[in-house]
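Working notes, beginning with the structure itself.
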Amino acid sequence: MTSMHLKSSLFHIFSREAEDQGGLLSGKDPTVFNPKDPLRLWIIQVGIIVGMAQLLSLLLKKLRQPKVIAEVIGGIILGPTAMGRIPGFTQHIFPAISIPYLSLVANIGLVLFLFLVGLEIDIQSIRKNARQSITISLGGILLPFGIGAGMSKAIYEKFVVPVTPGTSFGHFMLFTCVAYSITAFPVLCRILTELKLLDTTVGICVLSAGVGNDIVGWTLLALSVALVNAGSGLTALYILLCCIGWTIFLLFPVKKLLYILARRTGSIESGPTMFFMTVSMLVVFGSAFFTDAIGVHAIFGGFLAGLIIPRENGLAIALTEKLEDMVTIIFLPLYFTLSGLSTNLGLLDTGLIWGYTIGIIATAWFGKFFGASLAARFAGFKTREAATIGTLMSCKGLVELIVLNVGLDAGILSQRVFSMFVLEALTLTFFTTPVVVSIYPPNRRVRITSGPAKSTLSPPETAVMSETTLESGQGLISKPSTDKSESISTEDHTTSDRYREVERRNHFMVVLDKIEHLSGIMMITQLIRPGPRFVPPSGGATNPRSLEQMTSTIMEEDIASRPMDPQNDDTLHTSFGQEVTSPAYAPKPPAPPQFLSALRLIELSDRTSAVMKSTILASSSSIDPLLGIFRTFAELNGMKVNRSGVAVRSLEDWSESVVEYAEDRSEEIPGGSGQLVFVNWIPPAAIVQPPTPPAGVVVPGGTPTPNIPNPFEGLFKSSDTSAGAGAESTEKTSSSSNVHSYFARSLFNKAHDVDVALVIPPLISSSFSQPSNSIGGISEKPLIFFPFIGGPDDRSALEFVGQICSNGRGVKARVIRVIREEADGAGSGEGGDEHQDTIASVFAAQGLTVGSTMYGAPGTATRLQSQTADNMIWEKYTNLTKSAPLSNSITLSTLHTSTPLRSIISQLDTLQHSLSGSLEQILIVLGRSRRMAVESHHSELKHLLEEYSYGSGSGNASVAQEVRKTVGDVASSVLLSRSGVGMVVIQAGSSGGE
């Protein structure tokens, strides 16, 4: 028998078939759950969850809602409330046997997320605003806690006792109070960032109070879990003492050891190393294990681990960047979808239940709003600001959902009560953003400034300046003059004075966003440096030659920024103590002090690290490296960056941020004729690089390109013969340039009260076959070429050229007034009603209405007014160039032509050839003239595009249209000519150029 049994066993072993591995190809259902191989169904679940969350997030993003709402709503839709009612959906996609596997991954992600929350919390923010933040935090906890205790009694007796009579009322009350008093700090940071409140008094205070509220909330949650897991009061005390001991152990010795490790491994200087990341992850999961083992939830251990990571040199931010994508894309949607799967709004099926649900929403909002608002009012905030603080503190978001899930897992909350509180958390979070926008609009906001308050000179129109101090990072400190004979009025400019001297701007603002855009900003900053100004004394004879010699001597000794001798106005001291005198000239009283401000733009993404950076940079711009480079450059050139700031915004909001910053800062500068904002822009590579000519086309100075067929072109069709070896690089550059072009056009459309100058640095040309868009430099004294066609933008550009040339730094300009004349046989196509129709069609093509322009409707009267203003400013500079200091700096001439764009390109080519071999470079200044161009150059520009792009069928046509919309017709023609010169394209504000 034994032998027969052995043979039978061996037969079954060797004859048994292997498990079927064919899967779908074998006709098996891929959604069938296999405990030995749960990965297949898990991937299906993750794909559905992440896809649903991302889809809802795109829709709710337009309503400015945080992503957590999309994730929870997605879970509710996938749960028994909606799709769970489809027969077989839950059994196939979310079977009960698979939920533990999904929950395991979700809870691992939750521990990591709480670790990121701990990294995000900065205790220093509480210390900076201790009195206000502690007051608001306590007010936002105590009143909701009390209201929650009162509401818990009614909810417990009505909905908990009938379902789970063994649930302790004390435990239920504690969880309800925590849910009422908690504030979602991560969601709060996102809302403050998107609403641009981080640099306001309200935003800073709410951020500090939110940190305190979050710490207290997690502590209360740990206490609640400890009480639930404890069998007796003594056990609960032991758990609490162990938790306190573990917290102290982490916050002191372990934190110190992590700091030493970070220093030894170079993680603070160069970012987290692999070894430091390994140790950090072990600390996270070790802390989570310990807190879970002693009876407190594992998420509390992850939160504590985040608090002890060193913050020096942005290490916490760098660590967040390593983890956040996987956590936010995969893990968090899983967790909040599980919350949605546990939420069944179908259980809210009676009027009484809906009445209680509305009561929970109302009382939760009342407690948070009035608790935080009254505390803020007591702390000194105004009523509107206090109401905004109360609304922001009532944001619940994902933190309350975590609390509710812990209560559901512990058996304290029933599914119906859980669904009621989930609906409350979603409602309060959803209404936070629209309510804040309505009660605290941008014009009501009080922003934090790094300098002192503005000087209160009364009355402002008679204020005079006797002493001005401009320091980096400080505001304008002024003292009223007591000696009116020595005072200099910066506001008293009559119309006659305006047309007797160069109109000077004294406030300049630069916009920095990328390191590759810094060269253009540096180039233009060098040109606007103020120098010594001279004016012929009353009744004195002019002597241009002596002035030129004196200015040259001064520039050689580099005393442009040195003070004049107050004892002798006719004497200037060089750096070597030598004196340069000129009896024919007296120094002019100094111009209003030049004010230079800088704004750093950083793109705001959906990542937590971006929010962390924004919270740090909003309070201090001194740590931004790009601003540091520009400050150093300005100081080396004898200038001061008087005001700097950082704006972390989405790309769509960049232009609005620049306009807001410019308008706020322009009010702080007394005197002057306005503000000019400089923005760097690099044109697409397809425009500045010469295209490869098609086969058979003769390149000027060359031979026809041989028409050699490519045998692989028909097979792959992926190579562009006109792209050369740098096709991929060119495509990426063009894509980046198009995004920046959108920002530039948006800024031009929104900047109604300030002038905007688009700075295009000179580009280094390259060979035909090797595309390149490398940025070149420009000399300190370039030759400025300015074709004056007319219009508000050109008038503003002419004043800019005049100011640069009158700075006394040896910069010269050649200004040509281009007057359009019709060719023989041509009609008056550009005049009369036909010209107005052309302008109207151009406006329609741009999608602009007449009301969107700041220069008035393009009618005959407006055109005549503009021509009159053109003649007046041209006459002004004709007179100014007859005497010093512009007689040796600006050369004026007039050009009559029927093809203005071709003539401008021809003049530029002639100028470049005349300077070939010399070190002198050309900078061309142009008016944008897109909002109301006196002359339409659309037809001529179209022919130039076909000529320089080798035919109208070129792919560069669409790129050229984008360039035309950005810089205007004249600048586009210069770019198409590929001259490679630096350019400044100016658009005047509402009062500019008039």
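- To the nearest 0.5 Å, atom OG1 of residue Thr433 and atom CD1 of residue Ile191 are 4.0 Å apart.
- A donor-acceptor distance shorter than 3.5 angstrom exists from the side chain of Arg600 to the backbone of Asp513, with no hydrogens or angles considered.
- A salt bridge is absent between Glu385 and Arg445: the closest approach of a Lys/Arg side-chain nitrogen to an acidic carboxylate oxygen does not fall below 4.0 angstrom.
- Counting only distance, with no hydrogens or angles, the side chain of Ser267 and the backbone of Thr273 share a donor-acceptor pair below 3.5 Å.
- Using a distance-only test at 3.5 Å, with no hydrogens or angles considered, a donor-acceptor pair links the side chain of Lys396 to the main chain of Tyr180.
- A donor-acceptor distance shorter than 3.5 angstrom exists from the side chain of Trp654 to the backbone of Arg649, with no hydrogens or angles considered.
- With Ser280 as reference, Ile309 is the one residue of Leu261, Leu323, Ile309 to meet the side-chain contact (heavy atoms from CB on, under 4.5 Å) rule.
- Asn213 places no side-chain N or O within donor-acceptor distance of the main-chain N or O of Ala209, the cut-off being under 3.5 Å.
- Atom CZ of Phe633 has more than 12 neighbouring heavy atoms from other residues, nucleotides or ligands inside a 6.0 Å radius.
- Judged by distance alone, the side chain of Asn405 and the main-chain N or O of Leu401 form a donor-acceptor pair under 3.5 Å.
- No more than 12 heavy-atom neighbours from other residues, nucleotides or ligands sit within 6.0 angstrom of OH on Tyr238.
- Using a distance-only test at 3.5 Å, with no hydrogens or angles considered, no donor-acceptor pair links the side chain of Glu424 to the main chain of Ala364.
- Of the residues Leu518, Ile602, Val646, the one that meets the side-chain contact (heavy atoms from CB on, under 4.5 Å) test with Leu512 is Leu518.
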